[in-house]
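Right, one structure below, let's go through it.
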Amino acid sequence: MNHKIKTILSILGVVLSMALLVISSILTEEAVLSPVSATILTILSVILIFAAIFFAAKVDYETGVYECGKCGHTFKPTFKAYLWGAHTLTARHLKCPECEKKSWCKRKKKAS
């Protein structure tokens, strides 16, 4: 599947999951749902949000590589390092496998 389609689907999943959480909160507040139904819907919404965020992270991870800020080496970090590394929209604080130093590594598109 094309990575643009995967990205759109992952964003849509996050938005729809959050919308479900908001709707369930409103229905609970207005006493439309029973407390048990509201709790189940809220738990389901939170699970869906985390699943959608994980899917979005996986899609982003698969479509890019990083360039070390110290030595310029281009590499793909482990998914664990990618997921837990401090980050901005365009860079992550990662350990380079070449120079073995931590630095802010810029995200680059993966070569086709």
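Counting begins at 1 with the first residue of the sequence.
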Within residues 31-47 or reaching into it, pairs that qualify as salt bridge (charged side-chain N to carboxylate O under 4.0 Å, His left out) - sequence neighbours excluded:
none
Suppose we screen for side chain to side chain contact (heavy atoms under 4.5 Å, CB included). Which residues come up paired with I49, at least two apart in sequence or across chains?
S17, M18, L21, I53
For L12, which fellow cluster members are found when Ile, Leu, Val, Met, Phe, Trp and Tyr are connected by side-chain heavy-atom distances below 4.5 angstrom, either directly or through intermediates?
L16
Would you mind writing out the side-chain donor-acceptor pairs for residues 74-89 within the sub-3.5 Å range, not counting sequence neighbours?
unit_1 : atom_1 : unit_2 : atom_2 : d
K76    : NZ     : Y61    : O      : 2.6
K76    : NZ     : G64    : O      : 3.4
T78    : OG1    : A81    : N      : 3.1
Y82    : OH     : D60    : OD2    : 2.4
Y82    : OH     : R92    : NH2    : 3.3
H87    : ND1    : G85    : O      : 3.1
H87    : ND1    : R92    : NH1    : 3.1
T88    : OG1    : T90    : N      : 3.3
T88    : OG1    : A91    : N      : 3.1

Tell me, which pairs form a salt bridge (charged side-chain N to carboxylate O under 4.0 Å, His left out) where one or both residues lie in residues 61-72, sequence neighbours left out?
K6-E62
Using the test side chain to side chain contact (heavy atoms under 4.5 Å, CB included), find all partners of A56 that sit at least two apart in sequence or belong to another chain.
S10
Hydrophobic cluster partners of V36 (side-chain heavy atoms under 4.5 Å)
I40
Distance-only donor-acceptor hits, side chain of residues 93-105, under 3.5 Å, sequence neighbours excluded:
unit_1 : atom_1 : unit_2 : atom_2 : d
S103   : OG     : G69    : N      : 3.2

Taking only residues two or more places apart in sequence, or in another chain, which ones meet I47 in a side chain to side chain contact (heavy atoms under 4.5 Å, CB included)?
I43
